[in-house]
There are 2 protein chains.
Amino acid sequence: MSLLDASLIADVPPFRGIERENLVALLSNARSERYEIGRTIFSQGEAAHSFFLLLDGHIRVVKVTPDGEQVIARYISSGELFGIAQALGLDCYPANAVAAVDCVVLSWPGSLWTTITEKYPTFATNTYRTVGARLQDAQDRIVEMATERVEQRVANAVLKLANQTGRKTDDGILIDFPISRQDISEMTGTTLHTVSRLLSTWENEGLVKSQRKKITVTEGHKLAVIAAGKSDS
Amino acid sequence: MSLLDASLIADVPPFRGIERENLVALLSNARSERYEIGRTIFSQGEAAHSFFLLLDGHIRVVKVTPDGEQVIARYISSGELFGIAQALGLDCYPANAVAAVDCVVLSWPGSLWTTITEKYPTFATNTYRTVGARLQDAQDRIVEMATERVEQRVANAVLKLANQTGRKTDDGILIDFPISRQDISEMTGTTLHTVSRLLSTWENEGLVKSQRKKITVTEGHKLAVIAAGKSDS
DNA sequence: TTTTAAGTTTGTCGAAGCGCAAATCCAAAT
DNA sequence: ATTTGGATTTGCGCTTCGACAAACTTAAAA
């Protein structure tokens, strides 16, 4: 196992406020691993042997339906915990986790969850705040799916990605990991065809630029107007 | 304030496993109140002054969109905590809570949340398990909204209500609180018209019986077939 | 009992967006 | 440089379901 330095996790939200020597102790139980793009970190239904911290990269969390359809539950950015089935009282992972780009991931044995949360109350607090935020997020998405049209939902998804993981470029804000039309359709409950049409339209109107698996938002506020439901012609 | 007996909450899930004398202490800080049907217990956006335990009745938790549309986030049954903004790291309630029938509700000042969770780890554990379950639930609903047609979603919603809160009668399983077509449409992201049409169809086929604000499921498994997506004629 | 309001049913119409299909484009691998 | 497979674009028909409208039913209020 490689040597892990406390600085790795010192200023990562879930571990913020924990003393340096304890960080070292925590890391002594952790395992670091690289996952190249596309590789699966864990699978839906699999026993939750570990929980994870994303040190670098982006992870796609995907739910699969009985008949094979996929729905993207969320994207994980670096500094976030994921696969924390223990925090939800589950003993199997409820979704797949796939590296959206090359990633560096820290993992701990699931059996340590209770020990850690008991020993580090700030970690516990931080974590449960995260779970709370994700619940909020999910509820908001339900409201969105129930009340907004596809066009608005797609605009929203693109905006959210740009805001959360965007990198400023000459053209605007670039979503900094490869994302296909299909991916966006799986985030918004539509088809890749519809997403393609929408992006084409927006590209013609100068709101976005896009190539294969790349999207740059050039006119965020105009997109926001669409997301808000302006049903203009 | 009325006298509250420890037996009130002794076998309610969140408080299970806490010693009797501690229950008494907990109750000394609680307030009991009756809410008649239709009354609002708290409102979306309001400062989260309290958290609640439903002792008897059913509560409807409703999200309101900027343009006034309503989406039912969930129904709370007796024995469940609700309005636990503190557990989610929020300082405002994220939804409205309305009594779906006459209810009896226990409430604690929100300021006690930290004290209580710290003093009673089993309460904390139980609570976070609840939050986890609700997150799961929300994710499942997102998948449903993304992949299933209205007919399936409505069938599912009716089945879930019947299973969770149903009362056996001569005709079948009766959802034991008043629920309108509109309510069901707000649970499933459709219109009351569509729900009405579906229920009419199902009534003709003998799967359900329904009157104003009453639904009885007579053929649960046939409904389940529809929920699963059999697109028969 | 009569009135009133909320809830429900049913019809018609039209649009949003999906399924299917086919052409094209692009990037990586050989 | 060529090949190959995945990703994207675009067209077309069709289904699902929402919007609008109007009649009707039921329960509670006056």
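Order of the sequence lines sets the chain letters (A, B, ...), proteins ahead of strands, with each chain counted from 1.
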For residues 191-198 of chain A, please give each side-chain donor-acceptor pair under 3.5 Å, one per line with the distance, not counting sequence neighbours.
| unit_1 | atom_1 | unit_2 | atom_2 | d |
| --- | --- | --- | --- | --- |
| A:Thr191 | OG1 | A:Thr194 | N | 3.3 |
| A:Thr191 | OG1 | A:Thr194 | OG1 | 3.2 |

Check your understanding: So, does B:Thr65 use its side chain to make a donor-acceptor pair with the main chain of B:Glu69 at under 3.5 Å?
Key -> yes
Review point. Taking only residues two or more places apart in sequence, or in another chain, which ones meet B:Tyr35 in a ring pair (Phe, Tyr, Trp, His ring centres under 6.0 Å)?
Key: none
**Study point:** Qualifying residue, where the test is side-chain contact (heavy atoms from CB on, under 4.5 Å) with A:His58 and the options are A:Ile37, A:Ile179, A:Asp176
**Key:** A:Asp176
**Study point:** Any pair counted as salt bridge (charged side-chain N to carboxylate O under 4.0 Å, His left out), so long as it reaches residues 45-60 of chain B, sequence neighbours left out
**Key:** B:Arg60-B:Asp183
Study note, to complete from the structure: Whole-Å distance, B:Leu198 CG to C:dT8 P, equals 14 Å
Point to revise | Atom-pair distance (CE on A:Met145; P on C:dA16), nearest Å | key: 19 Å
Review point. Taking CG from A:Asp67 and P from C:dG19, how many angstroms apart are they, rounded to a whole number?
Key: 12 Å
Quick one: which protein N/O atoms are closer than 3.5 Å to N/O atoms of nucleotides 14-17 of chain D? Pair and distance per line, please.
| unit_1 | atom_1 | unit_2 | atom_2 | d |
| --- | --- | --- | --- | --- |
| D:dC17 | OP1 | B:Val150 | N | 2.8 |

**Study point:** Smallest separation among heavy atoms of A:Ile76 and A:Leu81, with atom names
**Key:** CD1-O, 4.2 Å
Practice item. Give a yes/no on whether any side-chain N or O of A:Arg181 is located under 4.0 angstrom from OP1 or OP2 of D:dT8. Key: yes
Check your understanding: Any ion pair linking A:Arg31 and A:Glu33 (charged N to carboxylate O, less than 4.0 Å)?
Key -> yes
**Study point:** Between D:dT10 (P) and A:Leu199 (CG): distance, integer Å
**Key:** 11 Å
Study note, to complete from the structure: B:Gln182 atom CD is separated from C:dT8 atom P, nearest whole Å, by 9 Å
Review point. Separation of B:Gln152 atom CD from C:dC18 atom C1', in whole Å?
Key: 14 Å
Review point. Partners of B:Tyr75 by ring pair (Phe, Tyr, Trp, His ring centres under 6.0 Å), sequence neighbours excluded?
Key: B:Phe177
Review point. What are the two closest heavy atoms between B:Arg39 and B:Arg34, and how far apart are they?
Key: NH1-O, 3.1 Å
Exercise for review: Could you name each residue pair satisfying side chain to side chain donor-acceptor pair (under 3.5 Å) that touches residues 212-229 of chain B, not counting sequence neighbours?
Suggested key: none
Study note, to complete from the structure: So, with a heavy-atom separation below 4.0 Å from DNA chain C, the residues of residues 208-219 of chain A are A:Arg212
Exercise for review: Measure the distance from CH2 on B:Trp202 to C1' on C:dT9 and round it to the nearest whole Å.
Suggested key: 16 Å
Check your understanding: What is the nucleic acid contact for B:Leu192, judged by heavy atoms within less than 4.0 Å: base, sugar-phosphate only, or nothing?
Key -> base
Validation: residues 155-164 of chain B side-chain donor-acceptor distances under 3.5 Å, sequence neighbours left out:
| unit_1 | atom_1 | unit_2 | atom_2 | d |
| --- | --- | --- | --- | --- |
| B:Asn156 | ND2 | B:Glu144 | OE2 | 3.2 |
| B:Asn163 | ND2 | B:Leu159 | O | 3.3 |

Review point. For D:dT9, does OP1 or OP2 lie under 4.0 Å from any side-chain N or O of A:Ser196?
Key: yes
Review point. Which residues pass the side-chain hydrogen bond (donor to acceptor under 3.5 Å, both in side chains) test with B:Arg167, sequence neighbours left out?
Key: none
Enumerate all atom pairs, one protein N or O and one N or O from nucleotides 20-22 of chain C, separated by less than 3.5 Å.
| unit_1 | atom_1 | unit_2 | atom_2 | d |
| --- | --- | --- | --- | --- |
| C:dA21 | N6 | A:His193 | ND1 | 3.4 |

Check your understanding: What integer distance in Å separates B:Glu36:CD from D:dA28:P?
Key -> 16 Å
**Study point:** Separation of B:Ile142 CD1 from A:Met187 CE (nearest 0.5 Å)
**Key:** 10.5 Å
Check your understanding: Using the C1' atoms of the five pairs at each end, what is the angle between the end axes of the helix from C:dT1-D:dA30 to C:dT30-D:dA1, to 10°?
Key -> 40°
Side-chain donor-acceptor pairs under 3.5 Å in residues 89-97 of chain B, sequence neighbours left out?
| unit_1 | atom_1 | unit_2 | atom_2 | d |
| --- | --- | --- | --- | --- |
| B:Tyr93 | OH | B:His49 | N | 3.4 |
| B:Tyr93 | OH | B:Ser50 | N | 2.9 |
| B:Tyr93 | OH | B:Ser50 | O | 2.5 |
| B:Asn96 | OD1 | B:Gln44 | N | 2.6 |

